[in-house]
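Structure first, then comments.
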Amino acid sequence: ANWGNWAAIAGLNGGRLNRFNIVKQSRDYDPAGAYVKLWCPELAAIPPPLCFEPWKLAPADQARYGCTIGTDYSAPLARRPYGSRRNAPGAATVEGRWTAKPAGPGARKIQRERNQRRKAKNRIQHDEY
């Protein structure tokens, strides 16, 4: 039912935290890039595989397609959160809230301990109110 979806979005279900990958969703559901090109006309000349991540264009490609990152289209504001292995280790967003996901032997134990500390901290903060 609808109330269950709202509870899950609010994080009240105690289950997993959904993190959507906008680039993957765009590639899966709009392979031609029509939606991106409709709402970002500066990306209209860029072909579909590249229009989903224009900040990755080489300077030569930016000149070829007439879209300079930082001028015609804004540069990314922050690095991707810890779901990305490209930014590990020590990946952080602008707020410094996210940290890299540990990898290798003992990674699950490290992540479990990190989550327990986070949950305990949240419990303390909620109990104060």
Side-chain angles (χ1 to χ4, degrees):
N2 192 31
W3 69 267
N5 292 334
W6 282 107
I9 290 169
L12 302 174
N13 62 347
R16 72 170 212 243
L17 179 64
N18 292 323
R19 291 187 188 95
F20 293 102
N21 185 335
I22 303 301
V23 175
K24 181 187 178 307
Q25 296 289 321
S26 298
R27 285 183 177 156
D28 289 350
Y29 296 107
D30 185 23
Y35 185 84
V36 170
K37 293 177 180 187
L38 173 69
W39 294 104
C40 298
E42 59 272 15
L43 303 178
I46 301 174
L50 302 173
C51 71
F52 301 116
E53 297 178 285
W55 55 89
K56 291 185 175 180
L57 288 173
D61 290 335
Q62 292 178 28
R64 182 183 323 144
Y65 298 124
C67 180
T68 305
I69 304 304
T71 305
D72 301 318
Y73 187 83
S74 64
L77 298 175
R79 297 173 75 180
R80 293 172 62 184
Y82 68 83
S84 169
R85 290 185 179 174
R86 285 183 294 227
N87 293 332
T93 64
V94 173
E95 298 172 359
R97 182 171 171 219
W98 300 98
T99 56
K101 210 174 202 178
R108 288 186 183 198
K109 181 180 177 186
I110 294 169
Q111 189 65 33
R112 187 171 41 250
E113 290 170 355
R114 191 181 283 174
N115 288 339
Q116 288 171 350
R117 284 194 304 268
R118 181 182 47 82
K119 286 178 184 179
K121 180 181 174 186
N122 287 342
R123 250 184 261 120
I124 291 169
Q125 289 175 353
H126 291 310
D127 289 344
E128 291 174 357
Y129 292 106

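Heavy atoms only: backbone and side chains are in, while hydrogens, waters and symmetry mates are out.
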Between atom SG of Cys51 and atom CZ of Arg27, what is the distance when rounded to the nearest 0.5 Å?
->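 If we round to the nearest 0.5 Å, Cys51:SG and Arg27:CZ are 9.0 Å apart.
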Sorted by first residue and then second, give each salt bridge (Lys or Arg N to Asp or Glu O under 4.0 Å) pair with at least one member in residues 58-69; sequence neighbours left out.
-> Asp61-Arg64
Could I get the full list of side-chain hydrogen bond (donor to acceptor under 3.5 Å, both in side chains) partners for Lys109, not counting sequence neighbours?
->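 Checked Lys109 against side-chain hydrogen bond (donor to acceptor under 3.5 Å, both in side chains); zero matches.
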Considering only heavy atoms from C-beta outward, does the side chain of Lys37 approach that of Pro48 to under 4.5 Å?
-> yes
Using a side-chain heavy atom cutoff under 4.5 Å and only I, L, V, M, F, W and Y, what cluster partners does Val36 have?
->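 For the cluster that includes Val36, the remaining residues are Val23, Leu43, Ile46, Leu50, Phe52, Trp55, Leu57, Tyr65, Ile69, Tyr73.
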Does Ser26 offer a backbone N or O that forms a donor-acceptor pair with the side chain of Asp30 under 3.5 Å?
-> no
